[in-house]
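Comments concern the structure below.
For the numbers below, each heavy atom of this structure counts, side chains included, while hydrogens, waters and symmetry mates do not.
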Amino acid sequence: MSAPHMTTEVDQPVDETRNWWHRSHPTFAAITGFFAGMLFVTALPGGFAALLRWLFSYETAETLFPLVLIALALPIFLLAKRKTRRFGIFMVIGMVLTALVVLGVASLVLYFMVQIDG
């Protein structure tokens, strides 16, 4: 005999209010959100710049590049919706940590380059 929260192959889940995030591994939202945030910070601006440069002249692509900030609506939307909030939180954490690492490494490299040159 199965417990009320268990399901069989032919039965539907008893608790229909649970979403698919909770049916999978407990760290699924955390890991995928974090790495999605990393990709969002690194690959999205580069891909957008490459697409603009492919479609337009250099000057036009340069003026249109700030439109990449519209993509920030995605994490804001994920944080606003209750079902995607956990994923959105980890996505923002991945974005912030990636940005901090990139800025920290860039500042250290610049510092050492100035020290060696000077």
(message) If you compare all heavy atoms of Ala71 against all heavy atoms of Phe40, which two are closest, and at what distance to 0.1 Å?
(response) O-CZ, 3.0 Å

(message) I need the full list of side chain to side chain donor-acceptor pair (under 3.5 Å) pairs touching residues 90-112, with sequence neighbours left out, sorted by first then second residue.
(response) none

Can [Y] be reached from [X] by stepping across I, L, V, M, F, W or Y side chains whose heavy atoms are under 4.5 Å apart?
X	Y	result
Phe56	Leu69	yes
Leu51	Ile70	yes
Leu74	Met95	yes

How far does [atom1] of [X] sit from [atom2] of [Y], to the nearest 0.5 angstrom?
X	Y	atom1	atom2	answer
Phe87	Leu79	CZ	CG	10.5 Å
Lys83	Leu78	NZ	CG	14.0 Å
Leu64	Leu55	CG	CG	10.0 Å

(message) Can you list, by chain and residue number, the hydrophobic cluster partners of Val102 when the side-chain cut-off is 4.5 Å?
(response)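 Reading the cluster by chain and number, Val102 sits alone, since nothing else belongs.
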
side-chain contact (heavy atoms from CB on, under 4.5 Å) partners for [X], two or more places apart:
X	value
Ile93	Phe34, Ile89, Phe90, Leu97
Val96	Val92, Leu100
Tyr58	Arg53, Glu62
Val68	Leu44, Phe48, Phe65

(message) Please enumerate all residues that pass side chain to side chain donor-acceptor pair (under 3.5 Å) together with Thr63, with sequence neighbours excluded.
(response) none

